[in-house]
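Positions are given from 1, in the same order as the sequence printed here. What you see below is based on every heavy atom in this structure, not just the backbone, and it leaves out hydrogens, waters and symmetry mates.
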Amino acid sequence: MSLVTWLDRLQYRVDRKLELWRGQLLRLRGAKVGRRFGVGRGTRLLYARCFSAADDVTLADYSYLHCLSTRGVQIGRHTSIDRNLWLHCGGRTGQGFVEIGEQSYIGCNAVIGAGGGVTIGNHVLIGQSVNFHAENHRFDQRDQHIMDQGVIYQSIVIEDDVWIGSQVTVLAGVTIGQGAVIGAGAVVTRSIPGYAIAIGVPAYVTGYRGNGS
């Protein structure tokens with residue numbers, strides 16, 4: 001083994017030990033976390049008592065999670081979230097939440113506005129720089145500033161075994177059915193059926209998995 005390889009392996013072990021140590025600090029702050037829960041450098045988690053994670057979950061570097069709500073944030077075992085996640089449960093409304101299943105993955109630079117609730121199933125693959133917005137500003141009154149017209153909260157549901165490509169935007173009220181594939185850069189404004197393949201802005205179904213599409 002070369003010196004460079006040995007140093008790389010040593011660096012990995014040190015980084016992993018630090019991730020696990022930071023995970024245990026969150027336990028002391030009231031988070032409910034399982035074994036081998038790791039937290040990367042610079043990650044900030046607010047309202048730890050509203051956060052829970054099962055075994056073998058990792059939150060990578062420089063993420064921000066605002067977990068204050070009745071249901072909070074729950075992550076299933078063997079799920080990992082890459083660096084620079086921004087997640088907000090909606091704060092004062094109390095109704096926002098994020099529930100992520102087992103053996104799922106979210107790529108770097110994800111934005112999850114979860115005021116209406118976001119549910120992500122098992123074995124889900126989500127690419128880089130995705131945006132989930134489970135809330136929408138009202139804007140029907142011309143004589144009133146948009147920021148003063150309130151917000152509509154609607155849930156987003158991503159069922160099991162879904163693949164969402166990079167830079168996809170999913171809007172409030174959408175369900176993406178089991179086994180569906182969403183192509184990179186799509187804007188999903190309406191629900192997508194199971195095993196469908198959808199692309200475009202707004203996203204539309206081009207075919208279904210397993211039938212030659």
Side-chain angles (χ1 to χ4, degrees), residues 15-16 18-27 29-34 36-69 71-91 93 95-135 153 155-159 162-172 174 176 182 184-188:
D15 289 344
R16 183 57 179 160
L18 289 172
E19 286 180 350
L20 296 173
W21 177 76
R22 285 187 287 262
Q24 292 309 303
L25 284 182
L26 280 181
R27 185 195 300 273
R29 291 176 49 207
K32 303 175 183 66
V33 298
R36 297 174 297 278
F37 171 66
V39 176
R41 294 171 296 167
T43 289
R44 187 178 181 197
L45 193 151
L46 303 182
Y47 304 100
R49 68 183 185 277
C50 299
F51 178 88
S52 65
D55 297 342
D56 299 297
V57 169
T58 300
L59 301 174
D61 301 342
Y62 304 112
S63 294
Y64 173 89
L65 294 85
H66 189 295
C67 303
L68 180 61
S69 73
R71 293 171 64 175
V73 176
Q74 303 174 40
I75 303 177
R77 64 189 183 92
H78 297 288
T79 286
S80 59
I81 299 174
D82 216 328
R83 58 191 297 137
N84 298 328
L85 167 71
W86 185 94
L87 181 156
H88 202 296
C89 280
T93 67
Q95 64 190 32
F97 65 89
V98 174
E99 295 177 354
I100 304 173
E102 300 180 355
Q103 300 187 51
S104 291
Y105 170 78
I106 298 177
C108 61
N109 305 318
V111 172
I112 301 178
V118 173
T119 302
I120 297 171
N122 303 316
H123 302 279
V124 173
L125 292 172
I126 297 176
Q128 302 85 2
S129 302
V130 298
N131 290 267
F132 292 174
H133 301 287
E135 52 213 24
Y153 296 101
S155 64
I156 291 172
V157 178
I158 312 297
E159 295 184 352
V162 167
W163 176 21
I164 297 177
S166 64
Q167 298 184 326
V168 167
T169 297
V170 181
L171 299 184
V174 163
I176 298 179
I182 310 298
V187 177
V188 187

Per the side-chain contact (heavy atoms from CB on, under 4.5 Å) rule, which among Thr169, Leu171, Val168 passes with Val188? Val168
Minimum heavy-atom separation for Gly116 and Glu135, please, with both atom names. N-OE1, 4.2 Å
Rounded to the nearest 0.5 Å, what separation is found between the CZ atom of Arg29 and the OH atom of Tyr47? 11.0 Å
Interatomic spacing from CZ in Arg71 to SG in Cys50 - rounded to 0.5 Å: 13.0 Å
Student check: side-chain heavy atoms of Leu68 and Arg49 closer than 4.5 Å: yes
Could you please spell out the steps behind the side-chain contact (heavy atoms from CB on, under 4.5 Å) verdict for Leu25 and Val39? CA-CA 10 Å; Leu25 284 182; Val39 176; over 6 Å; no
Partner of Asp56 under side chain to side chain donor-acceptor pair (under 3.5 Å), picked from Gln103, Arg77, Arg36, is Arg36
Does Val57 form a side-chain contact (heavy atoms from CB on, under 4.5 Å) with Val33? I'd like the steps, not just the answer. CA-CA 9 Å; Val57 169; Val33 298; over 6 Å; no
Rounded to the nearest 0.5 Å, how far apart are CG of Leu26 and OG of Ser52? 12.0 Å
Looking only at heavy atoms, which two atoms of Tyr62 and Thr43 are closest? And how far apart? N-OG1, 3.3 Å
Between Lys32 and Gln74, is any pair of side-chain heavy atoms under 4.5 Å apart? no
Ion pair check, Glu19 and Arg16, cut-off under 4.0 Å: yes
Asp61 side chain vs Arg41 backbone, donor-acceptor pair below 3.5 Å: yes
Using every non-hydrogen atom in the two residues, find where Gly34 and Asp55 come nearest and quote the distance to one decimal. CA-OD1, 3.3 Å
To the closest 0.5 Å, what do you measure between CD (Gln167) and CG (Asn131)? 9.0 Å
Can you tell me if Asn84 uses its side chain to pair, donor with acceptor, with the backbone of Cys108 under 3.5 Å? no
Taking Ile158 as the fixed residue, which of Ile176, Val118, Ile100, Ile182 is the one that meets the side-chain contact (heavy atoms from CB on, under 4.5 Å) rule? Ile176
Side chain to side chain, Phe132 and Ile126, heavy atoms closer than 4.5 Å: yes
What verdict does the side-chain contact (heavy atoms from CB on, under 4.5 Å) test give for Ile112 and Ile106, after you've listed the backbone C-alpha separation in whole Å, the side-chain angles of each residue and the deciding distance to 0.1 Å? CA-CA 11 Å; Ile112 301 178; Ile106 298 177; 4.3 Å; yes
Mind listing the closest non-hydrogen atom pair of Gly72 and Cys89 along with its distance? O-SG, 4.1 Å
Parallel under 30°, tilted from 30 to 60°, perpendicular over 60°: which one fits the rings of Tyr64 and Trp86? parallel
Ignoring hydrogens and angles, tell me if any N or O in the side chain of Ser104 forms a donor-acceptor pair with the backbone of Thr79 under 3.5 Å. no
What one should report as the nearest heavy-atom pair of Ser69 and Phe97 is OG-CA, 4.3 Å
Work out which heavy atom in Ala60 is nearest to a heavy atom in Asp82; give both atom names and the distance. CB-C, 3.5 Å
Is any side-chain heavy atom of His133 less than 4.5 Å from a side-chain heavy atom of Val111? yes
Check whether Ser166 reaches the backbone of Ser129 with its side chain - one donor and one acceptor, N or O, closer than 3.5 Å. no
Output, in order, the C-alpha distance, side-chain angles, deciding distance and verdict of side-chain contact (heavy atoms from CB on, under 4.5 Å) for Leu45 and Leu59. CA-CA 10 Å; Leu45 193 151; Leu59 301 174; 4.3 Å; yes
